[in-house]
Protein chains: 2
Amino acid sequence: MSEAAGASPRAGAAPGLAPTAVTVDVVLLTLRAGQLSVLLARRAREPFGSHWALPGTFVRLDEDLEAAARRALGDETGVTTAGHTAGHLEQLRTYGRPDRDPRGRVISVAYLALLPNLPPPPAPDPGAGDEPDRGPRARWWPVQDLDSPDGPSLAFDHPEIVGDGVERARAKLEYSPLAAAFCEEPFTLADLRRVYESAWGAPLDAPNFRRKVLSTPGFVVAVGARAAPRGGGRPAELYRRGSATALHPPLLRRSV
Amino acid sequence: MSEAAGASPRAGAAPGLAPTAVTVDVVLLTLRAGQLSVLLARRAREPFGSHWALPGTFVRLDEDLEAAARRALGDETGVTTAGHTAGHLEQLRTYGRPDRDPRGRVISVAYLALLPNLPPPPAPDPGAGDEPDRGPRARWWPVQDLDSPDGPSLAFDHPEIVGDGVERARAKLEYSPLAAAFCEEPFTLADLRRVYESAWGAPLDAPNFRRKVLSTPGFVVAVGARAAPRGGGRPAELYRRGSATALHPPLLRRSV
DNA sequence: CCAAAAGTGTTATGTGTACACCCATGA
DNA sequence: TCATGGGTGTACACATAACACTTTTGG
């Protein structure tokens, strides 16, 4: 029988059951200057003071998990994903190692968010005279810098969470039209192609990419206009996100 | 900054933060008589008394989430997946709608388990003189019967969880060697093919299936013996699970 | 005119599919 | 010998990959 749902949670049905904190953490990815980047915030308090951490928050008692993720995103970036035409938010995975937070049992439901490059870099330090050894409160980090020596020191098990989020995003590009979530509408097929190239770190053949995308029903819809030409080259046609939720057949990466 | 990890979970950093119960629920799938089936247990207590529910349990304070899932599985089925040569266990998704349990806030981390057909049907009612209107305490339900009128009434949001688990399993057959988790070793390629056919509800071409599986390195390894012939037909070669963790290219279903 | 970027055409190569055919066993 | 299921061969359709070529813009 289901003990999980069969006993009263408030009565402490399992012996020694103590309150457990539940949080959400958001892996927010975007494309900046051709680099797949993740938003990290500098911690102010111990433990892991001055380390970098994912945007996150406690889940309120009457709040849905996804609503908490949107709230964490908004608190940190000013972005309201609700009703926002661009972007994507999905549950990633739940992290619950008993020792993942030194202060007690904290279970974190991680979300993965994909957004177009935000017009203002999110939450830049408004005070210009900031401490030279602290730097900005939140910033984008190219994911390929995360493992380098001058990369950020991540708090808790956030290295694992970020890694899982990046891998999920890279994999979903293959069989979902999610790449378009990184693009501000309207976008060109070259914009869309650069999403794949940046995420996978390998060039794609532009003619074949075009045919592939256009032959997948509902991936993109033509908007019937051309982009403004910019310094040589034929202006590209413009597109919007289509209604497809999956790619059949998938757009597979070469290597793996 | 990460509020989730930056505040003390025990001090109630978020105003009105009340204890939240965390549970695990397991979608255990197997193949019985050519039918993809899920293990459900009949609830003894309210709410949802006499409804059917997934095996589950509270997460203990110092217990890893996956360990709790294995414990729930063992309590319900007697199966110990730890060290068991067959089978597969992975996290599915976390369900946290505020109203999913009428008694309070209960967040459930769902796991997906795949096992070969268990030699004894798990947890049959040992007392033969059972109440005619109650039936067994736990039983396998073919997933295709779940939505029918004589299917089980599921408790809480377990219909959604079961649906997500079945869909995850069907999808993972395409791009992972997980189908072999349903097979007792050693197995024949026909056994493996029947897993796909049962899960997807469509026949596969046996010659092409054989070539596909054998051409994927590490999917299966030949054991160098043949199965005992059983009433006509050439005896099949025997195989064991290989070391591959993904299928490149995938084994795609026809429709979708 | 040239350079650059978008878009079209063409061909070689590989992969999936369908199905004919042979092999090994029990009855 | 037939029926049954395992296993091999093969031809066709289709998708991908590579790259030549045309179009449209700015300088």
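Every chain is numbered from 1 and lettered A, B, ... according to where its sequence line falls, protein lines coming before strand lines. Keep in mind the model is a prediction, meaning the values are calculated, not measured.
Results of the side-chain contact (heavy atoms from CB on, under 4.5 Å) test with B/P177 over B/L247, B/T216, B/L192, B/V220 single out B/L247 as the only residue that passes.
A cation-pi arrangement, defined by a distance under 6.0 Å to the six-membered ring centre and an angle within 45 degrees of its axis, is present between B/R93 and B/Y95.
Both B/R234 and A/L252 lie close to DNA chain D; mapped to their nearest nucleotides by heavy-atom distance, the more 5′-ward contact belongs to B/R234.
For the pair B/F187 and B/R241, the minimum side-chain heavy-atom distance is below 4.5 Å. Between B/W200 and B/E174 there is a side-chain heavy-atom pair separated by less than 4.5 Å.
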Go ahead and write out DNA chain D as dot-bracket, 5' to 3': ( ) for pairs within the strand, [ ] for ones crossing earlier pairs, | when the partner sits on another strand, dots for unpaired; Watson-Crick or G-U wobble, both distances under 3.5 Å. |||||||||||||||||||||||||||
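Nearest heavy atoms, A/V24 versus A/L65: CG1-O, 3.8 Å.
Under the side chain to side chain donor-acceptor pair (under 3.5 Å) criterion, B/T188 pairs with B/D191, not counting sequence neighbours. Shown here are the side chain to side chain donor-acceptor pair (under 3.5 Å) partners of B/R210, two or more places apart in sequence or in another chain: there are none. Annotation: side chain to side chain donor-acceptor pair (under 3.5 Å) contacts of B/R211 (sequence neighbours excluded): B/N208.
Along DNA chain C, the stretch of nucleotides lying under 4.0 Å from any heavy atom of chain A spans, 5' to 3', C/dA4 to C/dT10.
The stretch residues 204-221 of chain B comes close to DNA chain C through B/D205, B/P207, B/N208, B/R211, B/K212, each having a heavy atom under 4.0 Å from the strand.
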